[in-house]
Amino acid sequence: MTDARGTLEPAPGGEVVLSVPSPETLRREPEEVHRVIAEAGPGAEPLILIVEDAEELRDDELRVALAAAARSPRPVILRVIRSG
């Protein structure tokens, strides 16, 4: 579902395991991304990674999130919040 500006609204479920202030954080702190996904353990709800203040993710930033998600037994939602 989208709002009046066409922005995708957050999913109603899921467990937020990490929120970062910018996409660059994914590249600078890949160990943290992997750690929070690994420590979330099993469960029914998807895990949610939130990236604030972003227009897009570069390949190297996205690669970190995808690698961490690939190791999780749970679905992972990557929510990118665009700037301003």
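- Note that CZ of Arg71 is 12.0 Å distant from CG of Leu66, once rounded to the nearest 0.5 Å.
- Here the straight-line distance linking atom CD of Glu56 with atom CD of Glu61 works out to 8.5 Å at 0.5 Å rounding.
- With hydrophobic clusters built from ILVMFWY side chains whose heavy atoms lie under 4.5 angstrom apart, Val16 shares a cluster with Ile81.
- There is no path of hydrophobic side-chain contacts, each under 4.5 Å, that joins Leu26 to Ile77.
- Taken to the nearest 0.5 Å, the CG atom of Leu78 stands 10.0 Å off from the CD1 atom of Ile50.
- Residue Leu18 is grouped with residue Leu57 when hydrophobic side chains (ILVMFWY) are merged at heavy-atom distances under 4.5 angstrom, including chains of intermediate members.
- By the 4.5 Å heavy-atom criterion applied to side chains, Val76 and Leu49 are counted as neighbours.
- Tested against Arg74, the residues Glu39, Glu45, Glu15 include a single salt bridge (charged side-chain N to carboxylate O under 4.0 Å, His left out) partner, Glu15.
- How far CD1 of Ile37 is from CG of Leu47: 5.5 Å, rounded to the nearest 0.5 Å.
- Among all heavy-atom pairs drawn from Pro21 and Asp53, the shortest one is O-CB, 3.5 Å.
- For the atom pair CD (Glu52) and OG (Ser22), the distance works out to 10.0 Å, reported to the nearest 0.5 Å.
- A distance of 12.5 Å separates CZ of Arg27 from CG of Leu62, quoted to the nearest 0.5 Å.
- When every heavy atom of Gly14 is checked against every heavy atom of Ile48, the shortest pair comes out as CA-CD1, 3.7 Å.
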Practice item. Please assess Arg58 against Glu24 for the test side-chain contact (heavy atoms from CB on, under 4.5 Å), listing each intermediate value before the final yes or no. Key: CA-CA 9 Å; Arg58 296 187 330 202; Glu24 292 80 18; 5.6 Å; no
